[in-house]
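If you're wondering where the values come from, they're calculated on a predicted model, not measured in any experiment. In the text below, chain A, chain B and the rest are named by the order of the sequence lines, each starting its count at 1.
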Amino acid sequence: MSTPARYNFHETEARWQKVWNERQTFRAVMDRARPKYYVLEMFPYPSGRIHMGHVRNYTQGDVIARYKRARGFNVLHPMGWDAFGLPAENAAMEKKVHPKKWTYENIATMKVQLKSMGLSLDWSREIATCDPSYYRHQQKMFLDFWNAGLAYRKEAWVNWDPVDNTVLANEQVIEGKGWRTGAPVERRKLTQWNLKITHFADEMLERLDTLKRWPEKVRLMQANWIGKSRGARVFWDLTDASGADRGKLEIFTTRPDTLYGASFAALSPEHPIVAELAGSDPGLERFVAECRKTGTAAAEVETAEKVGYKLPLLARHPLIPGKTMPVYAANFVLMEYGTGAIFGCPGHDERDHEFATKYGLPILPVVAPADTDPKAFSVADAPFVEDGVIINSDFLNGLGVDDAKARVISRLEEMGVGKGTTQYRLRDWLVSRQRYWGCPIPAIHCEGCGIVPVPDKDLPVQLPDDVTFDRPGNPLDRHPTWKHVDCPKCGKPGRRETDTFDTFIDSSWYFDRFTSPGLETAPFDREENHYWMPVDQYIGGVEHAILHLLYSRFWTRAMRDVQMTDRDEPFDGLFTQGMVCHETYRAADGAWLTPEEISRDGATVVRLSDNSPVEVGRSEKMSKSRKNVVDPDQIIRDYGADTARWFMLSDSPPERDLEWTEAGVTGAWRFQQRLFRIASTALEKVPPAGTSKPASFPDAAIALRRAAHKAIAGVSADIEAFHFNKAVARLYELANTIDSFKAADEPAKWALREALEIFVRLIGPMTPHLAEELWQQLGHKSLLADSAWPQPEDALLVDDTVTVAVQLNGKLRGTIALPKDAPKAAAEAAALVMPELLRGLEGRAPKRVIVVPNRIVNVVV
RNA sequence: GCCCCCGUGGCGGAAUUGGUAGACGCGCCUGACUCAAAAUCAGGUUCCUCACGGAGUGUUGGUUCGAGUCCGACCGGGGGUACCA
């Protein structure tokens with residue numbers, strides 16, 4: 001036997017990539033006769049180089065794409081670039097390179113890197129969101145939404161990121177800090193563009209239940225973010241100390257059942273009534289200013305004491321004639337939620353209790369635990385927030401909380417002093433950004449006409465190239481000429497809007513654009529879009545559970561409302577993959593070290609440069625700051641794309657974090673080599689392709705055939721269920737079985753070829769280059785990428801003999817081999833003569849014997 | 001605080017509907033090959049015990065002929081979210 005050649009992945013991977021490219025194997029064309037399958041991974045931001053997170057994401061998507069393709073689906077698997085964004089501007093400031101140049105150079109680099117992974121992508125559909133041919137349609141859609149009342153400008157308190165010098169949407173503030181910079185956000189009152197995402201709050205919440213192929217976790221996060229709560233709005237008459245009418249106060253509450261326990265009213269410091277009073281009250285003005293200073297960071301909020309400022313007003317209780325209560329401005333009342341005003345019920349709310357205790361306000365219990373004597377029940381020390389029975393509340397006494405809510409709301413409505421309402425936590429999407437490298441907002445400010453849309457004929461509003469980044473702030477704003485345009489309505493000099501769109505708009509419809517990427521006259525062709533959409537399988541990081549995934553659901557509905565599509569949801573199936581982690585290393589001086597800077601010998605780890613000891617830290621998400629990054633380029637160069645892909649899929653379930661280890665990679669690499677060797681050795685024995693099937697097989701060959709056909713069924717099910725690690729384990733098993741198979745006669749050799757062919761087809765989605773190579777060596781002229789997925793023979797999926805466990809009182813005593821579906825009596829008889837069982841029985845007679853066919857016999861004494 | 005998820009060998013992780021716990025891989029050990037090493041190949045590898053056997057899926061209690069899986073309480077880890085009235 002000749003020594004098998006070593007597998008040259010360099011040459012092989014490049015060769016097959018070239019073949020796929022030249023034959024345009026993965027080009028997608030609409031074909032109504034075939035079922036479509038749209039596989040999409042979240043497109044990358046062109047930051048410079050791909051990282052391991054990309055490799056994991058795109059490997060998973062590629063497995064699905066290639067698998068579905070083999071199963072006969074017309075697969076669309078495109079790739080593009082989320083190309084607008086702040087890093088390009090930061091690069092411009094630091095490296096004096098234009099954002100456009102920087103972005104396109106990064107795209108070029110990353111495209112080469114992605115191509116080296118051997119992904120089954122249709123590159124002819126590549127798009128970049130910074131291309132005017134893309135964003136012109138975005139501008140047009142925005143104008144349509146504006147026209148339909150889904151976009152508006154409003155002055156409001158907004159989140160300002162002081163590092164990026166721009167406003168942020170609510171979703172982009174994480175624990176009081178900017179999502180990109182981590183800087184504590186400031187509150188500013190500004191006039192900004194908003195999209196009316198709240199218009200769809202209820203629909204988006206309701207439809208979550210129908211997204212069966214989304215992770216439960218993501219649906220839950222979105223539901224919490226939308227935050228629907230039922231309650232009531234209640235109107236309180238305000239008077240001053242003399243009893244003179246001072247208007248009405250509207251509050252929101254989810255606990256109208258506790259209205260009889262009210263002891264004060266509190267307004268947000270930003271409430272209009274407070275603002276008005278502050279004009280003539282310097283003390284109040286100081287209080288409001290003080291509240292504004294307190295940050296919104298989680299730690300600050302938690303420790304901040306509840307403080308109030310008593311206003312010269314009294315509120316009349318809507319249900320208790322003659323009862324009035326004090327009115328405060330209070331720092332814990334938010335202007336953005338409800339009506340910016342509350343009533344305080346200290347007996348049944350933590351915050352109100354703290355506030356009332358501090359200011360000596362009455363604390364009256366109006367709900368008591370069901371089995372407690374109401375007279376003995378006190379909430380002086382702590383509020384009672386659980387369900388119970390209403391007390392001290394006139395017509396509500398004796399009711400449960402839910403009944404009381406319904407009863408009091410109908411009473412309030414009868415009296416005309418309140419109404420039942422639904423409140424959402426979700427707020428409208430603030431989309432203007434005071435930045436250059438984004439899609440210009442197509443609007444013109446005119447002194448006479450107000451804010452005017454840019455006419456269709458003037459679209460796209462293109463970014464000017466000649467901008468400077470020598471100063472902070474928005475380069476568009478200080479551009480000498482760009483913003484000076486005439487009003488399209490009256491022709492007088494106007495001013496162009498210099499804000500650009502939040503880049504999350506760019507990514508809210510790119511999946512639609514992929515269905516007709518070159519179309520100039522519209523964002524997409526209706527028929528193409530109707531054929532390909534929705535995305536059947538979307539894959540990306542869970543960090544977008546709210547941001548991108550919520551915005552995309554909104555944009556899809558907005559397009560529907562302006563009659564562009566008839567679709568409600570963009571993504572039929574969603575999978576969120578885990579992060580790629582790596583150990584961290586620190587030198588004695590505390591400096592982080594890269595994996596290349598260290599050397600490992602058994603348990604000891606030292607620094608390569610000077611052999612000094614290195615402290616090994618826990619595995620964390622790969623990040624530049626901790627230096628625990630491994631460059632995919634390097635891995636692909638040293639081990640090949642197939643090895644990187646195989647390792648990404650083995651071991652860890654795809655939704656969980658994966659720890660990247662050098663040992664794991666070399667293990668994956670050795671397996672590629674071993675496979676090549678197993679196949680090469682076997683190839684010398686097997687009959688040529690197309691040899692007809694023998695009439696019968698020896699037992700060993702039947703066992704091999706069973707193993708191969710079971711692998712088909714198992715791997716298929718595993719891929720469908722995103723259990724790639726289990727599919728990998730099955731493939732190892734099949735490889736081991738093939739490796740140890742001795743093909744003595746012709747039927748056995750035929751079975752060996754069959755098993756090899758099945759194996760090669762099963763690894764096709766995972767290690768496509770090696771599989772394509774072996775497929776060719778097996779004597780096939782056509783591409784594996786164009787071949788159908790193997791079909792298992794049903795007869796080979798079931799065994800004719802099964803191993804049945806025999807237990808004594810539930811403890812395993814041994815196993816017996818029985819024909820499949822043997823009668824219970826036969827199983828029992830076979831078990832009862834087992835020596836291991838008899839020894840355990842010690843002569844006792846069985847009280848009961850439980851037989852589960854094909855599984856277990858349990859003897860009970 | 002509230003909501004959700006997860007605790008299985010030295011490690012990553014398997015285990016349809018409750019039915020032989022530890023598949024598969026990594027690591028480690030032994031042996032073969034080699035002057036030697038690497039690579040490769042063969043065997044072993046949950047723990048205790050020489051063995052027979054026993055124990056074992058975070059802890060603890062329960063349901064069941066039988067529990068990693070179901071139920072209760074607790075401990076630990078992770079994620080989401082929050083003065084949301």
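- Heavy-atom distances under 4.0 Å link RNA chain B to D651(A), S652(A), P653(A), R656(A) of residues 649-660 of chain A, given in residue order.
- The CE-P distance, from M766(A) to C24(B), rounds to 17 Å in whole Å.
- Using a 4.0 Å heavy-atom cutoff across all strands shown, V542(A) reaches no nucleic acid atom at all.
- At a cut-off of 3.5 Å, with distance as the only test, no side-chain donor of N628(A) or T584(A) sits close to an acceptor on the other residue.
- Among the protein residues, R219(A) comes within range of no part of the nucleic acid, since none of its heavy atoms lies under 4.0 Å from any strand.
- Among all heavy-atom pairs drawn from F264(A) and L361(A), the shortest one is CD2-CD1, 3.6 Å.
- Here C83(B) presents its C1' atom at 18 Å from OH of Y328(A), a figure rounded to the nearest Å.
- If you take NZ of K710(A) and C1' of U16(B), they are 15 Å apart, rounded to a whole angstrom.
- If you take atom C1' in G10(B) and the same atom in C35(B), they sit 34 Å apart, rounded to whole Å.
- Comparing the same atom, P, in A67(B) and in U57(B) gives a spacing of 11 Å after rounding to whole Å.
- Nucleic acid contact for N725(A): sugar-phosphate only, since backbone atoms but no base atoms lie under 4.0 Å from a heavy atom of the residue.
- Heavy atoms of F252(A) sit under 4.0 angstrom from at least one base atom.
- Rounded to a whole angstrom, the distance from the P atom of G58(B) to that of C6(B) is 13 Å.
- Looking at heavy-atom distances under 4.0 Å, N736(A) makes contact with sugar-phosphate atoms alone, never a base.
- Ring pair F355(A)/Y328(A) is perpendicular by interplanar angle, where above 60° counts as perpendicular and below 30° as parallel.
- Picking from C83(B), A14(B), C26(B) the nucleotide with the shortest atom distance to the side chain of K306(A) gives C83(B).
- No contact: K847(A) has no heavy atom under 4.0 Å from any strand.
- Between R351(A) and the phosphate of G1(B), there is no side-chain N or O to OP1/OP2 separation shorter than 4.0 Å.
- Atom NZ of K621(A) sits in a sparse spot, with 12 or fewer heavy atoms from other residues, nucleotides or ligands closer than 6.0 Å.
- Checking A23(B), G25(B), G19(B) against the side-chain heavy atoms of V852(A) singles out G19(B) as nearest.
- Taking the P atoms as reference points, U81(B) lies 43 Å from C47(B), given to the whole Å.
- Comparing the C1' positions of C70(B) and A82(B) gives a spacing of 33 Å, expressed to the nearest Å.
- Taking the C1' atoms as reference points, G78(B) lies 22 Å from G9(B), given to the whole Å.
- If you check G54(B), A21(B), C83(B) against the side chain of R813(A), the one that comes closest is G54(B).
- The side chain of T253(A) sits closest to A85(B) out of C3(B), C65(B), A85(B).
- Taking atom C1' on both A73(B) and G19(B), the two are 28 Å apart, rounded to the nearest angstrom.
- Comparing G80(B), A85(B), G25(B) by their nearest atom to the side chain of I546(A) picks out G80(B).
- Glycosidic conformation of G72(B): anti, with the torsion beyond 90° of 0.
- Nucleic acid contact for I850(A): base, since at least one base atom lies under 4.0 Å from a heavy atom of the residue.
- No contact: T661(A) has no heavy atom under 4.0 Å from any strand.
- For K811(A), the side-chain atoms get nearest to A55(B) when compared with the rest of A55(B), U17(B), A85(B).
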Counting only pairs under 3.5 Å, give me each side-chain donor-acceptor contact of residues 265-273 of chain A, with atom names and distances, residues two or more places apart or in other chains.
| from | atom 1 | to | atom 2 | distance (Å) |
| --- | --- | --- | --- | --- |
| S268(A) | OG | E270(A) | N | 3.1 |
| S268(A) | OG | V333(A) | O | 3.3 |
| S268(A) | OG | M335(A) | N | 3.4 |
| E270(A) | OE1 | R187(A) | NH2 | 3.3 |
| H271(A) | ND1 | I273(A) | N | 3.1 |

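- Taking the six-membered ring where the residue is Trp, H317(A) and Y260(A) present tilted rings, their angle falling between 30° and 60°.
- If you take CD of Q673(A) and C1' of G25(B), they are 18 Å apart, rounded to a whole angstrom.
- You'll find that the side chain of R670(A) is closest to U40(B), out of U20(B), C83(B), U40(B).
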Go through the steps to decide whether L550(A) and I197(A) satisfy the test side-chain contact (heavy atoms from CB on, under 4.5 Å), and finish with yes or no.
CA-CA 9 Å; L550(A) 194 72; I197(A) 191 166; 4.2 Å; yes
Please test F724(A) against M648(A) for side-chain contact (heavy atoms from CB on, under 4.5 Å), starting from the C-alpha separation and ending with a verdict.
CA-CA 9 Å; F724(A) 303 132; M648(A) 282 292 180; over 6 Å; no
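- Of the candidate nucleotides A21(B), U40(B), G53(B), U40(B) has the atom lying nearest to any side-chain atom of R677(A).
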